[in-house]
Amino acid sequence: MADIIEITDFNDPRLDIYARLTENQLLNREHPEEGIFIAESPKVVERALDAGFEAVSILTERRHIEGQSAHILRRCGNVPIFTAELDVLTKLTGFKLTRGLLCAMRRRSLPTLEEVCAGTRRLAVLENVVNPTNIGAIFRSAAALNMDAVLLTPACCDPLYRRSSRVSMGTVFQIPWTYLGDNWHAQLKNLGFKTVSMALKEDSLNIDDPRLAAEKRLAVILGTEGDGLADSTISDSDYTVCIPMSHGVDSLNVAAASAVAFWQLGKE
């Protein structure tokens with residue numbers, strides 16, 4: 001039987017994960033195996049559960065307990081379910097809950113680079129992309145447009161941050177990903193990948209160049225908002241590729257550029 005708890009005290013320490021701890025604190029960088037993340041909305045929580053993540057507790061609008069969240073609550077077992085009206089939850093968390101549901105979930109150890117790359121032909125590589133909305137949108141495009149996995153440099157925003165996973169519509173739980181270490185460019189080449197830097201350079205190839213489609217294994221690298229890729233990343237890449245622009249537009253947002261790149265370079 002579900003443990004439904006009416007919220008009467010904002011200072012209840014069991015609510016700290018929703019109201020007072022930052023996402024960095026929940027991440028627990030010193031002991032990541034003990035970390036927690038917050039999934040928002042029934043769709044995102046459902047995809048996390050499908051991927052095998054374990055619920056710790058739930059925060060939901062009272063009306064959703066027997067409504068749109070009922071099937072999620074049944075899947076989460078006997079975890080505490082904290083509930084109140086939406087205005088109370090908004091005051092508690094500081095934001096309006098998407099579809100009235102948050103779920104605290106346990107993190108898992110990330111796979112190795114070799115495990116993520118096994119059997120793949122197309123990778124998305126993100127270098128220092130820090131905006132959680134962009135991370136979520138890129139993951140959604142990667143999952144939808146034939147990327148087999150996503151790799152991130154350590155400075156990238158965490159894909160399991162609440163906003164990232166919500167914007168991704170839960171695809172962060174559907175496509176393999178991990179963080180890269182030092183010398184990652186050489187590691188990808190040792191694994192048989194040709195690397196493609198998405199950059200606005202005069203000597204860049206057009207994105208529809210047939211040489212790109214002919215590559216058996218391709219890693220598509222996208223850079224941080226504003227500054228783009230590091231010069232060293234571009235110089236170390238096998239190809240530099242640009243998306244042709246019109247009407248005097250100089251570039252696309254990294255999330256929009258990722259969708260174009262994945263569509264073209266992910267074709268079978």
Side-chain angles (χ1 to χ4, degrees), residues 23-24 27 29 32 37 110-117 120-189 191 193-201 204 207 212 217-243 251-266:
E23 291 192 291
N24 265 331
L27 175 58
R29 293 185 186 277
F37 66 93
L110 289 174
T112 65
L113 175 62
E114 290 75 16
E115 288 170 338
V116 167
C117 292
T120 60
R121 59 179 293 274
R122 293 293 185 265
L123 300 176
V125 180
L126 309 184
E127 182 182 78
N128 303 342
V129 178
V130 298
N131 184 289
T133 298
N134 283 338
I135 287 286
I138 293 169
F139 263 82
R140 190 173 182 182
S141 293
L145 300 174
N146 295 316
M147 293 295 108
D148 298 311
V150 179
L151 304 173
L152 306 98
T153 61
C156 284
C157 173
D158 186 347
L160 296 189
Y161 278 178
R162 177 183 60 85
R163 186 168 182 82
S164 298
S165 63
R166 179 171 64 78
V167 171
S168 82
M169 290 297 290
T171 55
V172 294
F173 307 111
Q174 295 179 303
I175 185 168
W177 63 272
T178 197
Y179 282 105
L180 294 159
D182 296 334
N183 202 29
W184 57 267
H185 214 128
Q187 289 178 310
L188 288 176
K189 292 187 177 183
L191 290 170
F193 286 91
K194 296 291 187 178
T195 52
V196 177
S197 281
M198 302 299 300
L200 297 172
K201 297 291 184 181
S204 295
I207 195 168
L212 302 172
R217 306 189 90 186
L218 207 58
V220 183
I221 311 171
L222 297 119
T224 184
E225 302 87 349
D227 293 336
L229 292 171
D231 290 339
S232 58
T233 299
I234 296 172
S235 63
D236 287 343
S237 293
D238 297 292
Y239 302 103
T240 304
V241 171
C242 69
I243 299 170
S251 65
L252 294 173
N253 164 273
V254 65
S258 74
V260 176
F262 299 161
W263 165 252
Q264 180 63 44
L265 299 176

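All heavy atoms count here, side chains included; hydrogens, waters and symmetry mates do not. Please read these numbers as outputs of a predicted model, since none were measured by experiment.
The salt bridge (charged side-chain N to carboxylate O under 4.0 Å, His left out) analysis of residues 160-179, with sequence neighbours excluded, yields the pairs E40-R162, E40-R166. The stretch residues 148-158 participates, sequence neighbours left out, in these side-chain hydrogen bond (donor to acceptor under 3.5 Å, both in side chains) pairs: R107-D158, N128-T153. Annotation: side-chain hydrogen bond (donor to acceptor under 3.5 Å, both in side chains) contacts involving residues 171-187, sequence neighbours excluded, comprise H185-T195. Each salt bridge (charged side-chain N to carboxylate O under 4.0 Å, His left out) pair with one or both residues in residues 134-147, not counting sequence neighbours, would appear here, but there are none.
Here the side chains of P159 and S168 are not in contact, with every heavy-atom distance at 4.5 Å or above. Contact check for L222 versus V129: no side-chain heavy atoms found under the 4.5 Å cut-off. Side-chain contact between P132 and V167: absent, with no pair of heavy atoms (C-beta onward) separated by less than 4.5 Å. Using a 4.5 Å heavy-atom cutoff, the side chains of L191 and L113 are in contact.
Here the closest heavy-atom approach between residue L265 and residue M198 is recorded as CD1-SD, 4.5 Å. Annotation for D238 and K189: closest pair OD2-CE, 3.6 Å, computed over non-hydrogen atoms. Between L145 and A259, the closest heavy-atom pair is CD1-O, 3.4 Å. Shown here for L160 and S165, the closest heavy-atom pair between the two residues is O-OG, 4.3 Å. Here the closest heavy-atom approach between residue I135 and residue C156 is recorded as CD1-CB, 4.5 Å. The heavy-atom pair separating L218 from F193 by the smallest distance is N-CD2, 3.6 Å.
The side chain to side chain contact (heavy atoms under 4.5 Å, CB included) check on N24 picks up T22, L27, R29, Y161, with sequence neighbours excluded. A144 is linked by a side chain to side chain contact (heavy atoms under 4.5 Å, CB included) to nothing, counting only residues two or more places apart in sequence or in another chain. Among residues two or more places apart in sequence or in another chain, the side-chain hydrogen bond (donor to acceptor under 3.5 Å, both in side chains) test is passed with T240 by none. The side chain to side chain contact (heavy atoms under 4.5 Å, CB included) check on A255 picks up N134, A137, I138, N253, with sequence neighbours excluded. For V130, the side chain to side chain contact (heavy atoms under 4.5 Å, CB included) partners are E225, not counting sequence neighbours. In this view, S237 and S197 satisfy the side-chain hydrogen bond (donor to acceptor under 3.5 Å, both in side chains) rule, not counting sequence neighbours. With sequence neighbours left out, D236 forms a salt bridge (Lys or Arg N to Asp or Glu O under 4.0 Å) with no residue at all. Every residue two or more places apart in sequence or in another chain that forms a side-chain hydrogen bond (donor to acceptor under 3.5 Å, both in side chains) with T112 is listed here: E115.
Put simply, the side chain of S204 never gets that close to the backbone of L200: no donor and acceptor are under 3.5 Å apart.
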Q) Step by step, would you call V172 with S164 a side chain to side chain contact (heavy atoms under 4.5 Å, CB included)? A) CA-CA 8 Å; V172 294; S164 298; 5.6 Å; no

Q: Output, in order, the C-alpha distance, side-chain angles, deciding distance and verdict of side chain to side chain contact (heavy atoms under 4.5 Å, CB included) for L180 and V125.
A: CA-CA 9 Å; L180 294 159; V125 180; 3.8 Å; yes

Q: Verify side chain to side chain contact (heavy atoms under 4.5 Å, CB included) between W263 and N146, making sure each step is shown before the conclusion.
A: CA-CA 7 Å; W263 165 252; N146 295 316; 5.9 Å; no

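In K194, the NZ atom is not crowded: 12 or fewer heavy atoms of neighbouring residues, nucleotides or ligands sit closer than 6.0 Å.
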